[in-house]
Amino acid sequence: MATTTTAGRNNGEGEQKRWREKGGFKTMPFILGNDICDRFATAGFGANMITYLTQQLHLPLVEASNLLTNFGGTSSLTPILGALAADSFAGRFGTIVAGSVFYQLGMLGLVVSALLPSLRPAPCPGAPAACQRASGWQLAALYLSLLCTSVGSGGLRPCVVAFGTDQFDREPGEQQVTAEAAGEVAERKRRYFNLYFFTMGVAALLALTVVVYIQDNVGWGWGFGIPAVAMFVSIVVFVVGYPLYVRLKPGGSPFTRLAQVAAAAFKKRHVAVPEDAGMLYQDKELDAFISTNGRLLHTDQLTFLDRAAIVTPGDISASGQPDLWRLSTVHRVEELKSIVRMLPIWSAGIMLATAGSHNGTFTILQARTMDRHITRHFEIPPATMSIFGTAAMLVSLALYDRAFVPLARRVTGLQSGITYFQRMGIGLAISILGVASAALVETKRRDAAADNGFLDNPDAVVPISVFWLVPQFAIHGVASAFSSVGHMEFLYDQAPESMRSTAAALFWLASSIGHYLGTVLVTVVQRTTRGRGDWLQDNINRGRIDNYYWLVTCLMVLDLGYYIVCFHFYTMKPLEMADEQDDHDEECELSTVPKNGIGAGVV
């Protein structure tokens, strides 16, 4: 094994001193300040968009619902492009700034669309179905604004989380990391992930109360304008913190390296894989820039990819440089293996996004037909019902760190209480209860509408309190506190270090596919049940949204079983770690969090 190259003593101490002056929790007000304003803006215009589309643009229910799920899917798909730009050439800081600017442009477009009467159809006092819907060019203006916000999301979502965790990495003078140091870094990052999702929830909570109320009672110009101002403030706050940030240089396109490994393995598909993994190609200097936290060790899974690391004639030039399209190091081969091994567990989060995609559409329309009075003269806006999900998530995150982790730690002996695998599984199980409760409440609401003769009057207020919807929102919030944080932790920890923006993008990609799958599911259900009950129709009192919820519940049960199977066969990524007792390096397998949740993480 080649020894690790360390920083020279002449400039090492100065470099470490400069590093210590940057990063850490002192950067969080600027980073989280940016994302708080971003999330405030996103929640501010997104939470009530179903109302804007149906009441202001007069779109049919299914069309409006599909438009929003497609928009959500696109906003969660563009992070792949943002991650590629950040890891390849732009860096995370530059990508965040560019994404914020695009998002700002999209928000301004929505403000203009809401203020100019020519960009909206004429007001109509009757039911939306009897009104003139928005014209093609009016919808085009809306689509262009939404597209800009989607592009902006692509720059923000994959980079903010990864940029925040960059502030807690070890000092660059340490070219190897010990198991003890890795545990300390992992604990700081776990606290950061919880803090990140908590602050995002606070921002969403504020938007769902203040902004939604303004949209329903003051006007859509102000309702979109306030989030646009918040987005501008977020850009200023983030840029002000520039001198304090740890800004890692991009290490080149990770997708290029993955393609090189795949190409090299394919070219050597007829070459026999040696039994001794020590015969595979290693080049520590070549991998130094993409393996500062330790090189990935060889694993016995997906051995056909090992062919990329077999040295054959012509792979290395006379100057000693390898042709990377013919020969890859073990570390680069294991990068691809790590991504492939993650995909099954990652895909379990897709159905979770599908289950939640109806929370901003069908549930808001249900709330609009229910008694929303808090006092005699004050009604809670329908979209504000989402605050119960956000509040439940915030309380769960607070209790998770303060109460759940200390109790679980006594049982498991783990610093984190439970592993992120267990956290994800618990979240998936809880989400099943959330969808099932939604089905039960919708059955009760529809029965109340029938008992009072409102089946053919969708605008009537059914004499049932809107607070019957609280349990389903709250359960989804608790599930998110477990599943979303666990999912993000898993992707960040198990992805190769040079692909952390890509790992964050995978989180949003699961959400993207989930939203698109929600669109497909709604379309299939509508076409399948047409003429046979019409589960999804503009008159929700005649529809059977409860049956749709039961269908999603069954799919979620299957998804949980799929996740358990994937977890059973998953292998943690191994890293080369430094021996704390000796000066030389020792190779051992280390998982930041033990897979089974019991015992030490070092094998």
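Here the structure is a predicted model, which means the values were calculated and not measured.
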Quiz item: Given the rule in the side chain to side chain contact (heavy atoms under 4.5 Å, CB included) test, do Y549 and F362 qualify, once you have shown the distances and angles that lead to the verdict?
Solution: CA-CA 10 Å; Y549 287 153; F362 296 151; 3.6 Å; yes
Quiz item: Taking all non-hydrogen atoms of both residues, which atom of A85 and which atom of T95 are closest, and how far apart?
Solution: C-OG1, 4.2 Å
Self-check item: Any side-chain heavy-atom pair of L67 and Y143 under 4.5 Å
Solution: yes
Quiz prompt | H331 side-chain N/O to L296 backbone N/O, donor-acceptor pair under 3.5 Å | solution = yes
Quiz prompt | Side chain to side chain, L286 and R332, heavy atoms closer than 4.5 Å | solution = yes
Quiz prompt | F93 side chain reached by C159 side chain, heavy atoms, under 4.5 Å | solution = no
Quiz prompt | Test salt bridge (charged side-chain N to carboxylate O under 4.0 Å, His left out) applied to R133 - qualifying residues, sequence neighbours left out | solution = E63
Exercise. Could you walk me through whether Q494 and Y570 pass the side chain to side chain donor-acceptor pair (under 3.5 Å) test, one step at a time?
Key: CA-CA 11 Å; Q494 290 300 297; Y570 185 77; 3.0 Å; yes
Quiz prompt | Heavy-atom donor-acceptor pair, Q138 side chain to S118 backbone, under 3.5 Å | solution = yes
Exercise. List the steps and the verdict of side chain to side chain contact (heavy atoms under 4.5 Å, CB included) for Y103 and I235.
Key: CA-CA 10 Å; Y103 207 107; I235 300 174; over 6 Å; no
Quiz item: Checking side chain to side chain contact (heavy atoms under 4.5 Å, CB included) against T519, which of T523, L517, L521, V522 comes through?
Solution: T523
Quiz item: Is there side-chain contact between T419 and F490, with at least one heavy-atom pair below 4.5 Å?
Solution: no
Practice problem: Of all the heavy-atom pairs spanning I214 and W222, show the shortest one and how long it is. | Solution: CG2-CB, 3.7 Å
Quiz item: Can you tell me how far OG of S483 sits from CE of M424, rounded to the nearest 0.5 angstrom?
Solution: 8.0 Å
Quiz item: Under the 3.5 angstrom rule, does the side chain of Y562 hit a backbone N or O of P344 as a donor-acceptor pair?
Solution: yes
Quiz item: Does a sphere of radius 6.0 Å around CH2 in W325 hold more than 12 heavy atoms from other residues, nucleotides or ligands, not counting ones at 6.0 Å or beyond?
Solution: yes
Practice problem: Quick one: closest heavy-atom pair of L105 and C148, and the distance? | Solution: C-CB, 4.5 Å
Self-check item: By side-chain contact (heavy atoms from CB on, under 4.5 Å) - contacts of A495 (at least two apart)
Solution: M342, A503
Practice problem: Could you grab the distance from atom CG of L147 to atom CZ of F102, nearest 0.5 Å is fine? | Solution: 9.0 Å
Quiz item: Is the shortest heavy-atom distance from the side chain of M385 to the side chain of T363 under 4.5 Å?
Solution: no
Quiz item: Is there a donor-acceptor contact under 3.5 Å from the side chain of R423 to the main chain of A481?
Solution: yes
Exercise. List the atom of P227, the atom of M107, and the distance in Å for their closest heavy-atom pair.
Key: CB-CE, 3.5 Å
Quiz prompt | Full working for side chain to side chain contact (heavy atoms under 4.5 Å, CB included) between R120 and W220 | solution = CA-CA 12 Å; R120 289 176 286 115; W220 288 96; over 6 Å; no
Quiz item: Where the side chain of S234 meets the backbone of M231, is there a donor-acceptor pair that is under 3.5 Å apart?
Solution: yes
Quiz item: To the nearest 0.5 Å, what is the distance between OG (S75) and CG (L156)?
Solution: 11.0 Å
Quiz prompt | Side chain S328, main chain V333, donor-acceptor under 3.5 Å | solution = no
Quiz item: Looking at CE of M49 and CD1 of I364, how far apart are the two atoms once the value is rounded to the nearest 0.5 Å?
Solution: 13.0 Å
Quiz item: T354 side chain to G514 main-chain N or O, any donor-acceptor pair under 3.5 Å?
Solution: yes
Exercise. Indicate the ring-plane relationship of Y245 and F163, choosing parallel, tilted or perpendicular according to the 30° and 60° boundaries.
Key: perpendicular
Quiz prompt | Any side-chain heavy-atom pair of T149 and F71 under 4.5 Å | solution = yes
Quiz item: When rounded to the nearest 0.5 angstrom, what is the spacing between CG in L110 and CG in L146?
Solution: 5.5 Å
Self-check item: Heavy-atom pair with the smallest gap, counting every atom of A348 and L428
Solution: O-CD2, 4.1 Å
Practice problem: Without swapping roles, check the side chain of Q56 against the backbone of L53 for a donor-acceptor pair under 3.5 Å. | Solution: no
Quiz item: Which atom pair, heavy atoms only, marks the closest approach of S153 to T78?
Solution: C-OG1, 4.2 Å
Practice problem: Report yes or no: is the cationic atom of R247 (NZ for Lys, CZ for Arg) closer than 6.0 Å to the six-membered ring centre of Y242, at no more than 45° off its axis? | Solution: yes
Quiz item: Rounded to the nearest 0.5 Å, what separation is found between the CG atom of L352 and the OG atom of S431?
Solution: 5.0 Å
Exercise. Identify the residue among F421, Y420, W346 that makes a ring pair (Phe, Tyr, Trp, His ring centres under 6.0 Å) with F567.
Key: F421
Practice problem: Report the C-alpha distance between V112 and L108 in whole Å, list the side-chain angles of each, state the deciding distance to 0.1 Å, and finish with yes or no for side chain to side chain contact (heavy atoms under 4.5 Å, CB included). | Solution: CA-CA 6 Å; V112 173; L108 292 176; 5.6 Å; no
Self-check item: Side-chain donor or acceptor of Q104 paired with backbone N/O of F232 under 3.5 Å
Solution: yes
Self-check item: Backbone N/O of A141 and side chain of S145: donor-acceptor pair under 3.5 Å
Solution: yes
Quiz item: Are F388 and Q472 close enough that some pair of their side-chain heavy atoms sits under 4.5 Å apart?
Solution: no
Exercise. Taking only Lys NZ, Arg NE, NH1 and NH2, and the carboxylate oxygens of Asp or Glu, determine whether E334 and K337 approach each other closer than 4.0 Å.
Key: yes
Quiz item: Does some side-chain heavy atom of R341 sit less than 4.5 Å from a side-chain heavy atom of T299?
Solution: yes
